[in-house]
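Computed from a predicted structure; not experimentally measured. Chain identifiers are assigned alphabetically (A, B, ...) following the order of the sequence lines, protein sequences preceding nucleic acid strands; residue numbering begins at 1 within each chain. Excluded from the calculations below are hydrogen atoms, water molecules and symmetry mates; all remaining heavy atoms, backbone and side chain alike, are included.
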2 protein chains.
Amino acid sequence: MQDLSTVPPQLQSIDKAIVDAILSARIQPGARLSENQLAALFSVSRTRVREAMMRLEARCIVTVSPRRGWFVSEPSAEEARHVYGARRIIESGLLRTMPCLKAEDRQALHRHLEDERQAIAAADRQRLTCLMGDFHIRLAEIAGNPVLTEVLRDLTARTILISLMYQSVVHALQSHDGHCAIVAALEANDPEAAAALAIRHLDEVEEGLDLTRRPDPLADLRRSLQPDTEAPSASPMLKIINR
Amino acid sequence: MQDLSTVPPQLQSIDKAIVDAILSARIQPGARLSENQLAALFSVSRTRVREAMMRLEARCIVTVSPRRGWFVSEPSAEEARHVYGARRIIESGLLRTMPCLKAEDRQALHRHLEDERQAIAAADRQRLTCLMGDFHIRLAEIAGNPVLTEVLRDLTARTILISLMYQSVVHALQSHDGHCAIVAALEANDPEAAAALAIRHLDEVEEGLDLTRRPDPLADLRRSLQPDTEAPSASPMLKIINR
DNA sequence: TGGACAAATCTTGCATACAAGACTGGAAAG
DNA sequence: CTTTCCAGTCTTGTATGCAAGATTTGTCCA
């Protein structure tokens, strides 16, 4: 099991902890989610863990292999395409019908873009992953439709899993530029352009995937055995900022 | 508890049985879903019933009132607006990007429209409700994105609950005409028109709602005490076919 | 007659126990 | 040395038991 131990105390719901761990890429697709370990970690019985798993399963975030265990979903290449297709439709539709940006929304978006810049500068990979997904959720929130926001939240989680599976390097600057362009279009009060930019942005991200890549069943082991080039003090983010 | 006893034997999963009951309007919003009764009905323990409830709760189809019980969701007026808003975005987006209709798809759609006509003629209300929702799910299936299909399936279930709460009469013919128009536009290979028609269709349905209506807490009792004007041999469908 | 209180009964919340399939490791046989 | 098999151990699947809050109903008192 991966790094779930950094979650706040057991006040957090189990669902949220797991989704958060995915949204910030602290947990990999295919990671095992042992009922016993989660139960111990949250100081509850397996019953509640299972209930959380059932909810997450309904959201396509975890899957169960009968009598073998629960695992963080590993979206197939086909599923990946469908997720991006769904996001294109939903996000472009949201932006197209987006009302005029309120002052506070504009402020919040700018603050978010600034956060992205800082995370890129600080080479804080987890935070960056989190922010990159959160941007789209924020847009949905501003659009003011909680139903679609909820849908997008799940799709974002799945997107992150997809990225982790099929994307060798994160083109953070490219994504950041895309976000900036969308915000600019919104501020120019041109929702049609914003929608088009969102589609292009998602296209770019999808094109950055290598959907022919077979998932590596040894990935876990490989990671564990490698001397930690992932140390935070090193400069692994050079790759990430690479565009 | 309402009419869930007509479900096929316990081979059916509990989730599916409940969703089916909603999709065909055999069960009302706000209906109580007793764990014990469901457990007895499906000859399983409460554990499995609870797991099904957890999954359905994640899909916003049932809600739990702590230590009071599980109930079929009663979407608020605000939620209703958001659901229709979400459907407008998703369905119009789907139609706009819909590929050219294959022969078998065209055939299937025509068969569906014919089914609608028959259900209207036979005044089969349950079947009609089912078909009306199913039309949109079929479109999504033809569009070929299972992710969005799944989302729409849940939204359709919620739409039916909304209709049952806020719609006094079902304008079946109007809806049927809308469906026909959408199919015609698709056959004319005009996805843009199909998308526009879908938006208008959903607008019409939403406008047919009375979102100011307060839910009647005595509805159940009222229904039970009234001498059955709802008898199948009577002609209640005259109201339904009313446009 | 009306209202307040309390016991009885219902509901879910949660933990636990046990069953059964899947995996692992080692021993035995070829 | 390789392969096969089997026991041990781990996993989830499911049922059950008990606790605690919510509701109902009956009773008593004013």
Side-chain angles (χ1 to χ4, degrees), chain A residues 1-2 4 7 9-18 27-74 217-221 224-225, chain B residues 1-2 4 9-18 27-74 215-222 224-225:
Chain A
M1 184 139 64
Q2 301 188 19
L4 232 66
V7 297
Q10 57 271 34
L11 293 171
Q12 281 273 27
S13 81
I14 303 170
D15 309 44
K16 193 166 180 327
I18 292 176
I27 195 172
Q28 296 279 323
R32 183 187 207 95
L33 295 170
S34 155
E35 292 184 3
N36 278 321
Q37 290 184 31
L38 286 171
L41 192 54
F42 288 91
S43 310
V44 296
S45 78
R46 273 180 53 221
T47 306
R48 291 186 59 187
V49 173
R50 276 182 72 79
E51 289 175 352
M53 290 296 153
M54 298 289 166
R55 283 187 293 261
L56 292 175
E57 187 187 27
R59 295 164 61 187
C60 298
I61 287 176
V62 307
T63 53
V64 63
S65 173
R67 296 210 186 259
R68 287 195 53 246
W70 294 91
F71 302 89
V72 176
S73 287
E74 297 181 282
L218 303 179
D220 262 356
L221 190 56
S224 306
L225 292 181
Chain B
M1 184 139 61
Q2 301 187 21
L4 232 67
Q10 57 271 33
L11 293 172
Q12 282 273 26
S13 82
I14 303 171
D15 310 44
K16 193 164 179 327
I18 291 176
I27 195 171
Q28 296 279 324
R32 180 183 211 101
L33 296 171
S34 156
E35 292 183 3
N36 278 322
Q37 291 184 30
L38 286 171
L41 193 54
F42 288 91
S43 309
V44 297
S45 78
R46 274 180 52 221
T47 305
R48 292 186 59 188
V49 173
R50 276 182 73 79
E51 289 176 351
M53 291 296 151
M54 298 287 167
R55 284 188 292 261
L56 292 175
E57 186 188 25
R59 295 165 62 188
C60 298
I61 287 176
V62 307
T63 54
V64 62
S65 173
R67 295 206 188 264
R68 287 193 54 246
W70 294 92
F71 302 89
V72 176
S73 286
E74 297 181 281
D216 176 10
L218 302 179
D220 263 357
L221 191 56
R222 226 181 283 280
S224 306
L225 292 181

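At the phosphate of C:dT12, neither OP1 nor OP2 sits under 4.0 Å from any side-chain N or O atom of B:Arg50. Put simply, A:Asn36 has a side-chain N or O that comes within less than 4.0 Å of OP1 or OP2 on D:dT11. For the OP1/OP2 pair of C:dG21 and a distance below 4.0 Å, the side-chain nitrogens and oxygens of A:Arg68 include no atom meeting the criterion.
Which of D:dA15, C:dT12, C:dA15 sits closest to the side chain of B:Arg48 comes down to D:dA15. Listed nucleotides: D:dG13, C:dA15, D:dT11. Nearest to the side chain of A:Val44: C:dA15. Among the nucleotides D:dT12, C:dT12, D:dT14, the one closest to any side-chain atom of B:Glu51 is D:dT14.
Under the 4.5 Å side-chain criterion, counting only non-hydrogen atoms from C-beta, B:Met53 is not in contact with B:Val64.
Taking atom CZ of B:Phe42 as the reference point, atom C1' of D:dA15 lies 18 Å away to the nearest angstrom. In this structure, the CD1 atom of A:Ile14 is 12 Å from the C1' atom of C:dC14, given to the nearest Å. Atom CZ of A:Arg46 is separated from atom P of C:dC18 by 14 Å (rounded to the nearest Å). Rounded to an integer number of Å, the gap from B:Glu35 CD to C:dG13 C1' is 9 Å. Look at CG on A:Leu38: it is 14 Å from P on C:dA15, rounded to the nearest Å. The CG-C1' distance, from A:Leu33 to D:dT12, rounds to 13 Å in whole Å.
Between the OG atom of A:Ser65 and the CH2 atom of A:Trp70 there is a distance of 10.5 Å, given to the nearest 0.5 Å. Here the CG atom belonging to A:Asp15 is positioned 7.0 Å from the CZ atom belonging to A:Arg59, to the nearest 0.5 angstrom.
Summary of the strand contacts: A:Arg67 and B:Thr47 both lie near DNA chain C, and taking for each the nucleotide with the nearest heavy atom, the more 5' one is attributed to B:Thr47.
The shortest heavy-atom contact between A:Cys60 and A:Ser73 is O-OG, 3.3 Å.
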